[in-house]
Amino acid sequence: MEVILQLLINAFLLGGFYALLASGFSLIWGVLGLINLAYGSFVLLGAYSAYFLHQKGFNFWLVLFINLFLGFFLGLFLNRLLFLRLLRFEALSVLLLTFGLDVLISNLINLFFKGDVRSVSLEGLGGSFFLGEYILPKGRLLVFVLSVFFILLLYLFLKHTKEGRAIRAVSMDRVGAQLCGIDLGRTYDLSSALAHSLAMFSGAFYGLLQGFTPFDSGFITLKVFFVCIAGGLGRVEALLLGGFALAVLEQFSGFYVGEGYKSAFALLVLFLLLAFRPYGIFGVRLHERA
Amino acid sequence: MERELLRVEDLSVYYGEVRALEGISLRVFENSAMVVFGSNGSGKSSLLKAIMGLVPYQGKVFFKGKNIDSLETHKRVALGISLATDLKNLFPYMSVEENLLLGAYRRGGRERFEKVYEYFPELFEVRKRRVGELSGGYQRMVSIGRALMSSPELLMIDELSLGLAPKVVERLAQVLLEIRKKEEVSLLLVEQEIYDVSSVVCSHGYVLDLGRLVAQGKVKELLEKDVVRRVYLGIA
Ligand SMILES: Nc1ncnc2c1ncn2[C@@H]1O[C@H](COP(=O)(O)OP(=O)(O)OP(=O)(O)O)[C@@H](O)[C@H]1O
Ligand SMILES: [Mg+2]
């Protein structure tokens, strides 16, 4: 019983992070209608940027801020350079092209940082809090709190600001959005900028939680894809549900079957979901594309 | 004299090989109400979409004397053109109020809520409900209400009566008359049936057949024209 509760606590903390990790991927999918297979490599870029800057003596909070900033402009650049062109392409071409971009970025990272496993470690985040018999590692707790805080900010932005409302409108009905006077190109710019900002930002947390190499992006993209499929697209709440679903699955399969099988389990469940519950475990419908 | 609001010159729309419209020229004056009649597939929706910049076209469109061919849809909205489509194109997961508010994204403002709720008091009752849960009649009101939120100078409505009960249609026609009385707005409607709501609201009309304009005149006199009788009734 204690083991199960501890696993649930771990999953709870991790799930909040997964929700943030997937938020940018979900945004691009929902608004531009693109499945961006290069997403994981932008998360990694965030992890490496955190690793590099932190080593150079930058304060971690400043690093987070720089990642947000870098991601924003990379996302804007990527939208103008690639995504706007991809909108006219078939889904398969989009997958191939973004997969190619992923390979390119992974290899560039490898060129600069070599293939060794890296990690970001912060002073004072080594220990744990104890809740009776249960362990709350400080690092994971911090990541959880910040993740949930930023998810909340994203929610408030999308729900209560003019630009946020425009983003949601485009994700629900492109023609309707244009008829309201919304500039599609600008909305795509903003969504892509925000999405890559979130990717690089959560990349720094990723580096805090676990070691990484230049070729981990595929695993990360798999995770965020899982979160979106399990939770459903189009709502911020769905990210949390999907994040917790993935974390529970990973924690339990990791403990009872073995760490090495976590991804295999996630893939198996992803397959079953796509086959039987394409609208998510919780039945949140994908928005229809206009 | 009557001032011209919209002028369409020699407009053609093609979807690949399919010709939807060819050589259309028409005008809408300030503070007027105009209707374009046409049977299924005659190109009515294509005409409104072209004016809105939602489909590529050949020919010229002028709004208040200004050529708007190079303007994207959102910029045409900013100039004061508004379209309520037959598919409605609403945001199903948002509340009625949010849908309306988005209508004022570019023009108009929150103060327009009052006007819209005045025309459609029943929308005020359901303002917190999600649009996706509402009936077709209510959704139609939301789509017209949303189009009104930007205080347009030209309001275009694609098949107002489509799929609605006659009572609802009559009610909508009354609202349109009221809007015409209270606001500086011109209407451009498209309809399938000649004797429809539009004849209550609009005095002048055009008839569209297979992508070409075949007649124009007073709505009441249109049915007396031979060419219209041929198109509509199959008699010569
Ligand atoms: N996206 C499209 N691709 C190809 N052909 C199209 C497209 N949209 C319309 N068409 C064709 O163009 C012609 C005119 O269509 P349009 O929708 O403008 O007519 P309509 O008068 O609005 O018809 P309805 O009464 O059905 O609404 C039709 O022959 C239609 O099949
Ligand atoms: Mg039509």
Side-chain angles (χ1 to χ4, degrees), chain A residues 26-27 29-31 33 80 84 87-88 154-191 228 231-239 241 279-280 282-290, chain B residues 45 48-49 51-56 71-95 97-110 112 130-133 139 142-152 154-158:
Chain A
S26 164
L27 202 59
W29 191 352
V31 178
R80 296 282 173 88
L84 289 182
L87 289 177
R88 289 188 293 270
L154 180 67
Y155 174 83
L156 292 175
F157 169 74
L158 290 175
K159 188 92 184 171
H160 295 294
T161 68
K162 193 172 172 183
E163 294 311 319
R165 217 177 271 120
I167 286 177
R168 283 192 297 141
V170 170
S171 83
M172 286 182 214
D173 194 315
R174 282 186 196 176
V175 172
Q178 284 172 281
L179 289 175
C180 289
I182 292 167
D183 182 347
L184 279 191
R186 216 171 88 95
T187 308
Y188 292 154
D189 273 350
L190 181 62
S191 302
C228 291
L233 273 190
R235 313 167 92 200
V236 175
E237 305 92 293
L239 287 171
L241 293 175
Y279 297 127
F282 310 97
V284 182
R285 285 194 154 253
L286 290 166
H287 290 143
E288 282 172 34
R289 287 187 56 189
Chain B
S45 298
L48 299 189
K49 283 185 198 158
I51 294 170
M52 211 64 242
L54 285 170
V55 294
L71 299 186
E72 289 172 81
T73 301
H74 65 95
K75 292 198 174 135
R76 300 186 190 204
V77 173
L79 283 180
I81 313 178
S82 206
L83 168 65
T85 60
D86 50 348
L87 300 174
K88 303 182 200 97
N89 295 105
L90 297 172
F91 311 118
Y93 300 95
M94 292 189 198
S95 67
E97 198 152 86
E98 270 188 299
N99 270 270
L100 292 178
L101 189 58
L102 273 160
Y105 179 85
R106 199 58 191 260
R107 266 173 76 98
R110 279 179 182 270
R112 294 285 299 168
R130 275 200 202 171
V131 157
E133 303 165 353
Q139 291 190 358
V142 177
S143 86
I144 296 172
R146 191 180 72 181
L148 279 169
M149 285 295 289
S150 62
S151 2
L154 176 65
L155 172 63
M156 306 191 289
I157 303 177
D158 197 341

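We use all heavy atoms of the structure for the numbers below, so side chains are in, but hydrogens, waters and symmetry mates are not. Just so it is clear: chains get the letters A, B, ... in the order the sequence lines come, proteins before strands, and each one is counted from 1.
If you tally non-hydrogen atom pairs under 4.5 Å between each of Met149(B), Arg107(B), Glu98(B) and chain A, the highest count goes to Glu98(B). Note on Met94(B), Arg76(B), Lys75(B): by heavy-atom pairs under 4.5 Å with chain A, the leading option is Met94(B). Contact tally against chain A (heavy-atom pairs below 4.5 Å) for Asn99(B), Leu87(B), Leu101(B): the top residue is Leu101(B). No other option in Ala177(A), Gly181(A), Ala166(A) has as many heavy-atom pairs under 4.5 Å with chain B as Gly181(A).
For the pair Val175(A) and Asn89(B), the tightest heavy-atom approach, listed with the atom from each and the gap, is CB-ND2, 3.7 Å. Considering all non-hydrogen atoms of both residues, Ala169(A) and Leu102(B) come closest at CB-CD1, 3.8 Å.
Between Leu184(A) and Thr73(B) there is no side-chain heavy-atom pair separated by less than 4.5 Å. Between Tyr93(B) and Met172(A), the closest side-chain pair of non-hydrogen atoms falls below 4.5 Å.
The distance from the CD atom of Gln178(A) to the OH atom of Tyr105(B) is 12.5 Å, given to the nearest 0.5 Å. From Asp173(A), atom CG reaches atom NZ of Lys88(B) across 11.5 Å, with rounding to the nearest 0.5 Å. Distance CG/Leu90(B) to CG/Leu179(A): 10.5 Å, rounded to 0.5 Å.
Heavy-atom distances place both the backbone and the side chain of Leu83(B) under 4.5 Å from chain A.
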